[in-house]
Amino acid sequence: DLIKKSKAYHVLQYWVTVALRWFWMLKPSRACLLPKKLQTFIKFLGVEMEKILIFTVGSQTYALDAACISEIRGKIQPTPLPGSPKEILGIINIRGKIFPVIDLGVRLSSDVVGEKKVIIIIKNEEKSIGILVDNVSDIEDSSKFTLQNLPSTTPNNIQNLVTAIMSEGDRMIFFLEAEKIISEIA
């Protein structure tokens, strides 16, 4: 407790925070890549780790960097766009802004059809889109997961959007890169 009150502790906490923000700017959504000892040290300093949003599509669990999410909405019926690919459901209007909406299950070729109830609005520096998912389950600290590469047998349509597999015990979550989803559609 005495250590946490010292000026050196606060200076160290500040510089670790600055370094982590720089690290995340260069490689967003990679807090899991930090060694466990460094993650423990960062938690000791009280520096916030990156959060991820966990959701389901069909029988699979996916995650996105929570920083790329602008809002989560209940299902809104999109206005169809004639001639658009089958994964693009149409467009929605939220507070005067128009967003395209894609069915993530169709885009990922999910053969299990669930009841899609939630639209997640994801953004990058230039564009925003909505992705339709079955449900949103939680927001968690990314540091509790182990990051693993996709197996070489992963189909191309999955490899184009999924960056890695996050695991915690028997639980496996496919980590999606919002930037890849947006660049494919927008």
Side-chain angles (χ1 to χ4, degrees), residues 24-25 28-32 48-145 147 150 154-186:
W24 285 323
M25 280 192 320
S29 313
R30 299 293 188 268
C32 301
E48 291 252 342
M49 295 298 284
E50 187 172 283
K51 303 290 185 193
I52 56 171
L53 178 78
I54 299 173
F55 57 94
T56 58
V57 175
S59 61
Q60 296 295 327
T61 305
Y62 296 92
L64 280 166
D65 178 2
C68 72
I69 296 166
S70 61
E71 83 182 85
I72 300 169
R73 304 283 303 229
K75 186 176 178 184
I76 302 168
Q77 187 59 44
T79 303
L81 288 171
S84 61
K86 67 179 181 177
E87 70 258 15
I88 299 178
L89 299 174
I91 55 174
I92 57 173
N93 183 342
I94 300 176
R95 291 185 297 283
K97 292 184 180 178
I98 306 295
F99 301 102
V101 176
I102 67 162
D103 184 332
L104 198 57
V106 172
R107 174 61 190 87
L108 294 169
S109 304
S110 175
D111 25 344
V112 178
V113 179
E115 182 184 346
K116 306 224 176 5
K117 300 182 258 185
V118 180
I119 295 176
I120 303 170
I121 306 294
I122 58 174
K123 62 181 169 75
N124 65 11
E125 294 174 6
E126 303 157 6
K127 299 177 181 167
S128 296
I129 67 166
I131 57 173
L132 185 62
V133 302
D134 293 357
N135 64 42
V136 172
S137 60
D138 210 354
I139 293 180
E140 295 191 30
D141 189 350
S142 65
S143 64
K144 71 186 244 182
F145 295 96
L147 197 64
L150 292 171
T154 306
N156 284 341
N157 65 320
I158 303 292
Q159 284 183 1
N160 292 340
L161 300 179
V162 176
T163 304
I165 297 173
M166 301 176 82
S167 62
E168 176 192 36
D170 292 340
R171 184 177 176 199
M172 292 200 316
I173 299 171
F174 292 100
F175 186 81
L176 298 170
E177 192 75 52
E179 187 69 37
K180 290 181 179 182
I181 298 170
I182 294 170
S183 66
E184 270 199 6
I185 301 302

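Numbers for residues simply follow the sequence, beginning at 1.
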Please name the pair of heavy atoms, one in Leu150 and one in Ile165, separated by the smallest distance, quoted to 0.1 Å.
CD2-CG1, 3.7 Å

Close side-chain approach of Ile52 to Ile139, heavy-atom, < 4.5 Å
no

Please examine the side chains of Ile122 and Ile131, heavy atoms only from C-beta on, and report whether any two atoms are closer than 4.5 Å.
yes

Would a distance-only check, ignoring hydrogens and angles, find a side-chain to backbone donor-acceptor pair under 3.5 Å from Asp134 to Gly58?
yes

Non-hydrogen atoms of Ile94 and Arg73 that approach each other most closely:
CG2-NH1, 3.3 Å

Evaluate the side chain to side chain contact (heavy atoms under 4.5 Å, CB included) criterion for residues Leu64 and Phe175: first the C-alpha distance (whole Å), next the side-chain angles of each, then the deciding distance (0.1 Å), finally the verdict.
CA-CA 6 Å; Leu64 280 166; Phe175 186 81; 5.7 Å; no

Between Ala178 and Cys68, what is the shortest heavy-atom contact and its length?
CB-SG, 3.3 Å

Close side-chain approach of Leu132 and Lys75, heavy atoms under 4.5 Å
yes

List the steps and the verdict of side chain to side chain contact (heavy atoms under 4.5 Å, CB included) for Phe174 and Leu108.
CA-CA 11 Å; Phe174 292 100; Leu108 294 169; over 6 Å; no

Derivation and outcome, side chain to side chain contact (heavy atoms under 4.5 Å, CB included), residues Ile119 and Ile76:
CA-CA 8 Å; Ile119 295 176; Ile76 302 168; 4.3 Å; yes

Are Leu89 and Val106 side-chain neighbours, meaning at least one heavy-atom pair lies under 4.5 Å?
no

Minimum heavy-atom distance between Tyr62 and Ile173, given as atom pair plus value:
C-CG2, 3.5 Å

Taking side chain as C-beta onward, heavy atoms only, is Glu71 less than 4.5 Å from Lys123?
no

Are the side chains of Arg107 and Leu161 in touch, meaning some heavy atoms are under 4.5 Å apart?
yes

Side-chain donor/acceptor of Asn124 to backbone N/O of Lys127, under 3.5 Å:
yes

pair Ile129-Ile121: side-chain heavy atoms closer than 4.5 Å
no

Distance col, row Thr56:OG1 vs Asn135:CG, nearest 0.5 angstrom, shows 3.5 Å

What do the steps show when you test Ile92 against Ile98 for side chain to side chain contact (heavy atoms under 4.5 Å, CB included), and what is the final call?
CA-CA 6 Å; Ile92 57 173; Ile98 306 295; over 6 Å; no

Does a side-chain heavy-atom distance below 4.5 Å link Ile102 with Ile181?
yes

Can a donor-acceptor pair be found, under 3.5 Å and without considering hydrogens, that links the side chain of Thr163 to the backbone of Leu176?
no

One thing to verify: whether Arg171 and Glu140 come together as a salt bridge, which I'm taking to mean a side-chain N less than 4.0 angstrom from a carboxylate O.
yes

Taking every non-hydrogen atom, the tightest pair across Phe99 and Ser128:
CE2-CB, 3.3 Å

